[in-house]
Amino acid sequence: MHDAFDAGDMETAQQIEKQLIRLHAAMFSSPSPGPAKYLLNKMDLCAAEVRLPIVAPNEETCAAIDAAYAAAQLD
């Protein structure tokens, strides 16, 4: 998205943003970096463990992240 924007290709940048907007919203619906660690763990890139003052996202947020990630079709 950033590469397209920097190249002046607004159409592609906007298309990518539309693909990711729901995921962006879900990722920031709970204090960071809890949602990021949750998703990265699902992608087998890091552990989901957090320690205070960071808290893990609740079940509702995890479900929203899962749905948004699936909708973004990033796999």
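Position 1 is the first residue of the sequence, and the numbers go up from there. What you see is a predicted model; the values in this text were computed from it and never measured.
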Side chain to side chain donor-acceptor pair (under 3.5 Å) involving S32 - partner list, sequence neighbours excluded =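 Per chain and number, S32 pairs via side chain to side chain donor-acceptor pair (under 3.5 Å) with no residue.
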Which residues satisfy the side chain to side chain donor-acceptor pair (under 3.5 Å) test with T61, sequence neighbours excluded?
-> N58
What are the two closest heavy atoms between [X] and [Y], and how far apart are they?
{"X": "A48", "Y": "N41", "value": "N-ND2, 3.4 Å"}
{"X": "P57", "Y": "S30", "value": "CA-OG, 3.9 Å"}
{"X": "I54", "Y": "G34", "value": "CG2-N, 4.2 Å"}

What salt bridge (charged side-chain N to carboxylate O under 4.0 Å, His left out) pairs are there with at least one residue in residues 44-63, not counting sequence neighbours?
->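 Non-adjacent pairs meeting salt bridge (charged side-chain N to carboxylate O under 4.0 Å, His left out): zero.
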Write out all pairs satisfying salt bridge (charged side-chain N to carboxylate O under 4.0 Å, His left out) with one or both partners inside residues 10-39, taking only residues at least two apart or from two chains.
-> none
Kindly give the cluster partners of [X], where membership spreads through any ILVMFWY side chain lying under 4.5 Å from a current member.
{"X": "V55", "result": "L52"}
{"X": "M10", "result": "F5"}
{"X": "F28", "result": "M1, I16, L20, L23, M27, Y38, L39, L40, M43, L45, I65, Y69, L74"}

Working to the nearest 0.5 Å, report the span between CD of Q19 and NE2 of H24.
-> 10.0 Å
Listed partners of D66 passing salt bridge (Lys or Arg N to Asp or Glu O under 4.0 Å), at least two apart =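 If we apply the salt bridge (Lys or Arg N to Asp or Glu O under 4.0 Å) test to D66, skipping adjacent residues, the hits are K42.
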